[in-house]
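Below: one structure, written as structure tokens.
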Number of protein chains: 2
Amino acid sequence: MNYSSLRHTSIFECCAKAEIESIENAIGLPVKRYKKDEIILHAGECVENICIVLSGSVRIDSNDIRGNRSILKIVKRGEVFAEAYACIPDVPLMVDAVANEPCEIVFLNVAKLFSLPESETKNKLLKNLVAISSKKNLHLSARILHTASKTIRGRVLSYLSQEATKQNSRFITIPFNRQQMADYLSVERSALSKELGKMKADGLIDYHKSTFKLTL
Amino acid sequence: MNYSSLRHTSIFECCAKAEIESIENAIGLPVKRYKKDEIILHAGECVENICIVLSGSVRIDSNDIRGNRSILKIVKRGEVFAEAYACIPDVPLMVDAVANEPCEIVFLNVAKLFSLPESETKNKLLKNLVAISSKKNLHLSARILHTASKTIRGRVLSYLSQEATKQNSRFITIPFNRQQMADYLSVERSALSKELGKMKADGLIDYHKSTFKLTL
DNA sequence: CTCCTTTCGTGGTTATAACAACATAAATTT
DNA sequence: AAATTTATGTTGTTATAACCACGAAAGGAG
């Protein structure tokens, strides 16, 4: 097992090598390698493992009934996925998890983790798990908030305002290009470009690429 | 303290009276009463307590920059709110929590809970916390999925399909009236009514009030 | 530097949803 | 049961965003 990589994952944060070993001995930490585009988890199946991305990256695909694929999320090295499903038994996956590039995934069985005798290490893991889940919660809630407005302008303002608050500045840099920003706000790219242009003309914002200025 | 009510909350699920008492002795479980429409948590403040609804109900309000109020959620008796914020220190609330009717709220300090020595009871609470958070996660993800489509029809189908899967039947009852369904899908009520009518005409669905039939 | 690819903005067209106003039906109150 | 309120459906109008096609700009690779 590659402990140095594992130590830098969100779920094993603040764990020493010995602690990870003790977990491995107690409940096992199987690793699996996947080729690019290989499916790691299929929609419909039930999972009982938290999946940890040791290397490479994974994309979470939503495939609605009529074959409309859309990428919900890219899970990067050190991050985890499927943890919510793993913590709620018997709920079938709504999405696919696919290797976005060659990757190694470590599987952590949650039920076994829970049934472990109390220990400092177990406690750390649970704490980390709560933090991961809570953070994701806040992100999901924020996105819902930002896509609540019926107009593109409203969505953009909602999103940029929050970013401005977070970054504590009216000059903000967002982690998206136009297409990604459009996807995040659930609008069409060119329509977003158009609206951003109008907002600039109206003196609401200024921008260049992914840097924006809110002219309050 | 009203232990019998507390025992039936999601966070204290499966805890005996003695266990709750031990938690109360160790970290305290202050209770506060609120009048209808009294603000329990203000947007902008940071919270460190999980808030437990002992009686009454609480509504989570989003007030965007331009005074557009919208009800994000009603938290009922036995449920908790603000838990995600409480688990991630120093993140300011994006929403208000307001007493929807006279209510009693119990406050559970997460940091204190985490720093408690390991015990069976602490373990139960953490497990419950993970379950609560994970469940909420799945709900939020589902909602994002359902509002991803750009058309009302797509959103309705996405939502109803999942409900059909969950309820394991093509006859489904949803927990919403039209207005609530429209809010959930982020569309306008009358537009939703219109589209539902069209979908019925197109033979896709049948419905009466809040019961639907997917004609696959 | 040139070629190629990707990203971004623009214009025009069309589909769609928001909005407003009203009608009908259902539920609640008295 | 009548009256009031609330929920739902309907119609028409208008604003808006999706969609399509294109061109310009930026970024990378050879």
Side-chain angles (χ1 to χ4, degrees), chain A residues 59 64 66-71 74 100-101 143-144 146-160 172-213, chain B residues 59 64 66-71 74 100-101 143-144 146-160 172-213:
Chain A
R59 68 167 186 273
D64 90 14
R66 298 184 296 223
N68 292 331
R69 291 208 155 256
S70 76
I71 299 175
I74 302 288
N100 197 42
E101 52 184 313
R143 181 163 173 201
I144 288 178
H146 299 143
T147 51
S149 168
K150 307 228 165 58
T151 64
I152 294 182
R153 179 171 296 209
R155 295 184 187 197
V156 168
L157 283 178
S158 169
Y159 172 57
L160 290 182
I172 49 198
T173 302
I174 66 172
F176 296 137
N177 62 27
R178 280 289 170 286
Q179 182 63 60
Q180 293 169 325
M181 184 180 178
D183 287 345
Y184 180 77
L185 298 177
S186 289
V187 299
E188 205 268 338
R189 181 197 59 80
S190 78
L192 173 60
S193 272
K194 216 179 284 185
E195 186 60 35
L196 286 175
K198 279 191 211 160
M199 290 171 74
K200 187 190 271 189
D202 291 351
L204 274 168
I205 59 171
D206 201 358
Y207 63 92
H208 175 68
K209 306 226 180 169
S210 295
T211 61
F212 290 80
K213 179 182 150 203
Chain B
R59 68 167 187 273
D64 89 14
R66 299 186 296 223
N68 292 332
R69 291 207 155 256
S70 76
I71 299 174
I74 301 287
N100 198 42
E101 53 186 310
R143 181 164 172 200
I144 288 178
H146 298 143
T147 51
S149 167
K150 306 227 166 58
T151 63
I152 294 183
R153 180 170 296 207
R155 296 184 186 197
V156 169
L157 283 178
S158 168
Y159 172 57
L160 290 182
I172 51 198
T173 302
I174 65 172
F176 297 137
N177 62 27
R178 279 292 169 283
Q179 182 63 60
Q180 293 169 326
M181 183 180 178
D183 287 344
Y184 180 77
L185 298 177
S186 288
V187 298
E188 205 269 338
R189 181 196 60 78
S190 79
L192 173 60
S193 272
K194 207 184 290 184
E195 186 60 35
L196 286 174
K198 279 192 211 159
M199 291 170 75
K200 187 190 270 190
D202 292 350
L204 274 168
I205 59 172
D206 202 357
Y207 64 93
H208 175 68
K209 305 226 182 170
S210 295
T211 61
F212 290 81
K213 179 181 149 203

Okay, side chain of B:R178, backbone of B:K209: is any donor-acceptor separation there less than 3.5 Å?
yes
Answer yes or no: is there a donor N or O on one side and an acceptor on the other, between the side chain of A:N177 and the main chain of A:Q179, under 3.5 Å?
yes
Between B:S149 and B:G154, the two heavy atoms sitting closest are OG-CA, 3.3 Å
Considering all heavy atoms, the nearest B:L185-B:R155 contact
O-NH1, 2.7 Å
Each nucleotide in nucleotides 13-25 of chain D should get exactly one letter: B, S or -. Can you fill that in based on protein heavy atoms under 4.0 Å?
----SBBB-----
Rounded to the Å, how far apart are [X] [atom1] and [N] [atom2]?
X	N	atom1	atom2	answer
B:Y207	D:dA7	OH	P	17 Å
A:Q180	C:dC8	CD	C1'	13 Å
A:I174	C:dC8	CD1	C1'	13 Å
A:N177	C:dT5	CG	P	19 Å
B:K209	C:dA26	NZ	P	6 Å
B:Q179	D:dG9	CD	C1'	13 Å
A:M181	C:dT6	CE	C1'	19 Å
A:I205	C:dG9	CD1	P	10 Å

Indicate yes or no: at least one non-hydrogen side-chain atom of B:Y184 is less than 4.5 angstrom from one of B:H146.
yes
Base, sugar-phosphate alone, or nothing: which one does B:F176 contact when heavy atoms must sit under 4.0 Å apart?
nothing
Which residues satisfy the side-chain contact (heavy atoms from CB on, under 4.5 Å) test with [X], sequence neighbours excluded?
X	result
A:K150	none
B:I172	B:L160, B:E163, B:A164, B:Q167, B:F212
B:S210	B:I174

Enter the inter-axis angle for the ends of the helix from C:dC1-D:dG30 to C:dT30-D:dA1 (five pairs per end, rounded to 10°).
50°
Could you pull out all donor-acceptor pairs under 3.5 Å where a side-chain atom in residues 189-196 of chain B meets a protein atom, sequence neighbours excluded?
{"from": "B:S190", "atom 1": "OG", "to": "B:E188", "atom 2": "OE1", "distance (Å)": "2.8"}
{"from": "B:E195", "atom 1": "OE2", "to": "B:R153", "atom 2": "NE", "distance (Å)": "2.7"}
{"from": "B:E195", "atom 1": "OE2", "to": "B:R153", "atom 2": "NH2", "distance (Å)": "3.2"}

